[in-house]
Amino acid sequence: MFHHIQNSLQELVSAHLSARYGVTLPVALEEPADPRFGELALTCAFQLARQLRKPPRMIAQELASDLGEMPGVAAMEVAGNGYINIRLDRGAYGASLGAVAPRAAAGGKIVVEHTNINPNKAAHIGHLRNAVLGDTFVRLLRASGHDVEVQNYIDNTGVQVADVVAGFHFVEKKSRDEVAEMARRDRFDYVCWDVYSNVSRHFGENAADEKAWRHETLHQIEAGEGELAAMGNVVADAVVRCHLRTMARLGVTYDVLPRESEILHLKFWASAFEQLKERKAIYLETEGPKAGCWVMAGSYYQQDAASDDSKVIVRSNGIVTYVGKDIAYQLWKFGLLGKDFHYEPLPGEPSGRTVWISTSRPRPEGAPSFGGAATVYNVIDSRQSYLQDVVAAGLRALGYTEQADRSIHFSYEMVALSPRACAELGFEIGEEDKGKSYVQVSGRKGLGVKADDLIDKLIATALREVTDRHPDAPEDERHQAASAIAIGALRYFMLKYTRNTVIAFDMQEALSFEGDTGPYVQYAAVRARKILREFETRNGSLPDFSAMDAGAFGRQLSDEGLWQFAVVASKVDSAIAKAIASGEPAHAAKYAFQLAQAFSRFYHDYPVIHETNAEKRTLLLWLTSWFGHQLERTLDVLGIPVPPYM
RNA sequence: GGGGACGUAGCUCAGUUGGAUAGAGCGGCCGCCUCCUAAGCGGCAGGCCGGCAGUUCGAAUCUGCCCGUCCCUACCA
């Protein structure tokens with residue numbers, strides 16, 4: 001509702017400015033920090049002051065009287081040097097709050113690619129940040145009416161998978177069948193975690209083995225033939241399944257899983273390669289250390305590039321780099337490659353929605369049409385910004401400038417470990433890391449917090465809290481509540497930091513359920529539901545809310561506390577729009593927290609059920625119900641469930 | 001060397017395209033459970049917004065130069 005008023009006022013004022021003064025400028029409508037200044041404030045008098053060569057206060061006075069009556073506005077006051085403070089008509093505003101704003105989709109399909117975990121080991125907390133950020137952004141976009149497709153790219157033929165295969169084969173001396181047997185058991189991704197760190201350690205001590213084993217394994221995997229290739233499929237498929245299960249615990253889902261093996265087998269790269277060569281986006285280097293490589297000139301992907309800067313796209317041995325494959329994949333996402341994957345439903349996925357996975361053989365099943373996006377968001381950590389620049393430059397070099405502009409690197413900083421977390425986990429910190437405020441996680445070193453371990457720990461902690469408060473509740477119910485709380489705590493923790501903040505993961509902070517946390521927000525939702533349930537238990541049903549007209553809202557919302565509460569709770573759409581515009585899911589999380597804070601105060605200050613004045617009681621119940629709806633809408637966007645009780 | 005990010009309360013972080021008195025959580029101290037769940041509420045203490053200059057009616061926010069921290073800069077991904 002707030003969002004709606006903001007937009008219409010902006011239009012009105014903007015039209016007035018151009019008619020009255022012949023100027024067009026973006027009308028700044030801010031929300032004053034101090035509620036005594038009203039709900040909105042115009043600062044355009046300041047912006048106009050220089051152009052009109054008049055003091056801002058005079059312009060403000062002129063504007064305020066010229067604008068006169070505006071719909072939904074009760075009063076305008078000139079304040080300070082030239083602010084125009086706007087007070088909304090509380091009765092009309094209150095009466096309009098229940099209305100649901102229509103959502104118009106516009107701008108074509110948006111592809112969001114996230115998660116993208118190498119299928120060679122268990123997911124860790126860094127991957128969680130990626131998935132939660134991506135999933136939440138998807139929910140934000142969908143909540144505002146966009147058509148969104150979620151892709152999770154599976155690099156099942158890369159070095160990381162090859163290294164684990166080499167570990168199983170050369171170090172652990174396991175056959176393909178033995179690995180397949182292990183893969184059927186629980187938490188195979190944990191087994192791979194150890195195999196990977198073991199083989200990485202071995203490679204660190206034995207460079208010859210690294211070169212030989214990796215070469216042999218990669219060669220088989222890329223050819224798609226041999227024992228090691230078969231083992232690679234077993235490992236990657238099983239680990240992908242583990243990852244999907246881990247993400248499902250957090251409510252993270254996907255529409256399609258494009259795999260690198262199909263990029264290879266369906267010759268995606270060959271098509272992209274032809275386009276790149278034809279458009280002279282890349283060239284064959286003839287001299288220097290990169291002789292024999294197909295490279296992209298540095299000037300394509302960075303300003304002020306040194307003249308000899310270039311990025312290898314195809315190695316001198318003819319094998320394409322990851323970036324090259326990524327350019328092909330990116331072209332496909334926009335429908336520019338002239339090729340498509342084949343798809344099959346991923347078997348064994350829980351019902352509800354089908355997850356499709358790419359396959360190289362045509363399948364009869366009617367898969368939806370994937371790719372062909374108008375806009376693409378790649379949720380990838382900031383360390384890869386250089387490579388993302390190269391990918392976008394590839395599109396641009398092919399003449400797809402619009403798509404390059406709509407190819408957005410949704411970057412975020414890494415999740416590192418606080419020194420205390422390292423100590424708790426029993427990791428030895430190297431000398432060079434001692435003085436640092438955080439330590440980077442490393443799959444190769446096995447240094448990190450596994451996602452499932454963290455989730456388990458959160459559930460156990462939450463279960464203790466729930467059991468303390470509800471010792472007599474059935475166990476499965478308590479467990480359900482604890483799981484919801486754990487998800488809330490984890491997702492909120494991953495979202496509360498803005499994207500360019502490095503998270504120094506600290507177990508105690510992550511396990512905290514008080515203050516600026518998910519459970520605090522969930523608690524507000526639980527209590528709102530409880531009040532309504534309690535009232536119904538005592539009185540049979542809720543009162544008839546249709547009796548609440550603008551007059552009643554006007555009378556009751558003259559109470560400053562209730563009015564402020566209603567205003568805050570009316571800003572859901574505004575918060576979602578802001579989070580999308582700024583690309584910061586953290587803003588939506590922050591808003592959810594502010595909502596919960598407002599409710600906590602309301603809960604404390606207004607005993608709803610015990611209110612004796614009938615009109616006021618009805619309004620309090622209506623506010624509680626409507627607030628609950630608003631908060632749950634916000635929580636839904638954050639992917640945070642509401643526990644049955646806490 | 002080049003590119004990028006960051007520096008705000010003891011700690012961890014917000015700060016909406018430059019706006020009114022710089023906020024939150026945690027930690028510290030003091031209060032509040034006969035009353036819809038205290039995972040809560042209220043209060044107090046705590047800041048030359050890294051430094052210096054500039055831009056202007058106005059700067060934590062924009063520009064330049066310093067200081068400090070981190071990331072990237074592979075024929076790895």
Side-chain angles (χ1 to χ4, degrees), chain A residues 26 28 30-34 37 41 43 46 49-50 55-56 79-83 85 116 118 155 158-160 214 285 289-295 302-306 309 311-317 319 321-323 325-326 381-387 389 411 413-414 416 418 436-438 440 462 465-466 468-470 485 489 496-498 500-504 506 508-509 512-517 519-524 526-528 530-535 538 574-575 578-579 581-582 584 586-587 590 593-594 596-597 600-601 603-610 624 645-646:
Chain A
E30 16 182 276
E31 300 163 41
D34 191 328
F37 294 140
T43 55
F46 296 111
R50 194 166 324 132
N81 276 334
Y83 292 95
N85 291 331
N116 299 6
N118 269 303
D155 183 4
V159 174
Q160 293 214 25
R214 189 179 279 167
E285 185 64 80
K290 291 171 186 164
C293 297
W294 286 90
V295 303
Q302 57 186 201
Q303 295 171 335
D304 312 320
D309 250 2
K311 176 66 193 167
V312 173
I313 306 297
V314 181
R315 302 180 182 99
S316 55
N317 63 6
I319 295 177
T321 60
Y322 178 82
V323 191
K325 286 180 274 195
D326 217 14
D381 85 75
S382 63
R383 286 173 293 188
Q384 299 196 45
S385 61
Y386 166 68
L387 296 175
D389 289 346
S411 77
E413 281 290 347
M414 62 187 158
S418 72
K436 294 187 178 177
S437 56
Y438 55 80
Q440 284 197 50
E465 299 285 331
V466 171
D468 271 358
R469 292 167 175 77
H470 307 276
I485 293 165
K496 69 192 278 192
Y497 302 94
T498 48
N500 58 9
T501 298
V502 177
I503 299 180
D506 185 277
Q508 293 183 38
E509 277 177 31
S512 166
F513 295 160
E514 290 166 18
D516 188 14
T517 67
Y520 173 89
V521 183
Q522 291 172 309
Y523 191 56
V526 167
R527 295 214 286 192
K530 181 66 189 303
I531 292 174
L532 299 172
R533 216 183 315 132
E534 188 65 26
F535 186 86
R538 296 185 193 190
S574 171
K578 234 179 268 182
S582 61
E584 283 291 4
H587 292 162
K590 198 51 95 185
F593 178 64
Q594 285 165 358
Q597 271 185 319
S600 293
R601 248 168 264 138
Y603 182 93
H604 183 263
D605 294 343
Y606 301 90
V608 177
I609 292 174
H610 305 290
T624 304
Y645 51 80
M646 289 180 77

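Below, chain A is the first sequence line, B the second, and so on; all start at residue 1.
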Inset, instruction - Compare the aromatic ring of A:Tyr83 with the six-membered base ring of B:A20 and state whether they stack according to the 5.5 Å and 30° rule. - result: yes
Legend entry - OP1 or OP2 of B:C6 under 4.0 Å from side-chain N/O of A:Asn500: yes
Legend entry - Phosphate OP1/OP2 of B:A39 contacted by A:Tyr523 side-chain N/O (<4.0 Å): yes
Legend entry - For B:C33, glycosidic torsion class - syn if within 90° of 0, otherwise anti: syn
Inset, instruction - Please state the P separation for the pair B:A74 and B:G15 - nearest whole angstrom. - result: 32 Å
Inset, instruction - Assign A:Glu465 to base, sugar-phosphate, or nothing according to its heavy-atom contacts below 4.0 angstrom with the strands shown. - result: base
Legend entry - Side chain A:His470, main chain A:Met646, donor-acceptor under 3.5 Å: yes
Legend entry - Flag for A:Ser600-A:Tyr520: side-chain donor and acceptor within less than 3.5 Å: yes
Inset, instruction - Tell me what A:Val295 touches on the nucleic acid: a base, only sugar-phosphate, or nothing, going by heavy atoms under 4.0 Å. - result: nothing
Legend entry - Under 3.5 Å donor-acceptor pair, A:Asp468 side-chain atoms to B:A39 base atoms: no
Inset, instruction - Take atom OH of A:Tyr386 and atom C1' of B:C71, then tell me their distance rounded to the nearest Å. - result: 15 Å
Inset, instruction - With heavy atoms under 4.0 Å as the rule, sort A:Asp381 into base, sugar-phosphate or nothing. - result: nothing
Inset, instruction - Rounded to whole angstrom, note down the C1' distance from B:A5 over to B:G10. - result: 25 Å
Inset, instruction - Compare side-chain N and O positions of A:Arg538 against OP1 and OP2 of B:C36 and report whether any pair is under 4.0 Å apart. - result: no
Legend entry - Pair of N/O donor and acceptor under 3.5 Å linking B:U37 base with A:Lys530 side chain: no
Legend entry - Gap in Å between the two C1' atoms, one belonging to B:G18 and one to B:A24, rounded: 23 Å
Inset, instruction - Scan A:Leu387 against the nucleic acid and name what it touches under 4.0 Å (heavy atoms): base, sugar-phosphate only, or nothing. - result: base
Legend entry - Partner nucleotide of B:C32 by Watson-Crick or wobble geometry (both distances under 3.5 Å): B:G40
Inset, instruction - May I ask which nucleotide in the shown strands pairs with B:A22, Watson-Crick or G-U wobble, both distances under 3.5 Å? - result: none
Inset, instruction - May I have the distance from A:Met414 (atom CE) to B:C70 (atom P), rounded to whole angstrom? - result: 10 Å
Inset, instruction - Look at A:Tyr520 and B:C41 and indicate whether a side-chain polar atom (N or O) is within less than 4.0 Å of OP1 or OP2. - result: yes
Inset, instruction - Determine which nucleotide pairs with B:C70, using a 3.5 Å limit on both distances of a Watson-Crick or G-U wobble pair. - result: B:G4
Legend entry - Below 4.0 Å: OP1/OP2 of B:G23 and any side-chain N or O of A:Gln594: no
Legend entry - Distance in angstrom units between A:Asp389 CG and B:C72 C1', rounded: 11 Å
Inset, instruction - Rounded off to whole Å, could you give me the CD-to-P distance for the A:Glu30 and B:G15 pair? - result: 16 Å
Inset, instruction - Find the distance A:Asp605:CG to B:G43:C1' and express it as a whole number of Å. - result: 14 Å
Legend entry - Phosphate contact (B:G15 OP1 or OP2) by A:His587 side-chain N/O below 4.0 Å: yes
Inset, instruction - Measure the distance between the ring centre of A:Phe37 and the centre of the six-membered base ring of B:A20, then answer whether it is under 5.5 Å with planes under 30°. - result: yes
Legend entry - Contact under 4.0 Å: A:Thr501 side-chain N or O vs B:A14 OP1/OP2: yes
Legend entry - A:Ser600 (side chain) and B:C41 (base): donor-acceptor pair under 3.5 Å: no
Inset, instruction - Using the side-chain contact (heavy atoms from CB on, under 4.5 Å) rule, take A:Gln440 and A:Arg383 through it: C-alpha gap first, then chi angles, then the decisive distance, then the call. - result: CA-CA 12 Å; A:Gln440 284 197 50; A:Arg383 286 173 293 188; 2.8 Å; yes
Inset, instruction - Would you indicate what A:Ala575 reaches in the nucleic acid, counting non-hydrogen atoms under 4.0 angstrom: base, sugar-phosphate, or nothing? - result: nothing
Legend entry - Distance between C1' atoms of B:C48 and B:C44 (Å, rounded): 23 Å
Legend entry - Rounded distance [0.5 Å steps], CD in A:Glu413 versus OH in A:Tyr497: 14.0 Å
Legend entry - Nucleotide B:U12, atom P - distance to CZ of A:Phe593 in whole Å: 18 Å
Inset, instruction - Indicate whether OP1 or OP2 belonging to B:C71 is found under 4.0 Å from a side-chain N or O atom of A:Gln440. - result: yes
Legend entry - Spacing of the P atoms in B:U61 and B:U8 (rounded, Å): 14 Å
Legend entry - B:C36 OP1/OP2 closer than 4.0 Å to side-chain N/O of A:Arg533: no
Legend entry - Under 3.5 Å on both distances, the Watson-Crick or G-U partner of B:G54: B:C62
Inset, instruction - Calculate the interatomic distance between A:Asp516 atom CG and B:G23 atom P; express it in whole Å. - result: 17 Å
Legend entry - A:Arg527 vs B:A39: side-chain N/O to OP1/OP2 distance below 4.0 Å: no
Inset, instruction - Would you mind classifying the nucleic acid contact of A:Glu31 as base, sugar-phosphate or nothing, using non-hydrogen atoms under 4.0 angstrom? - result: base
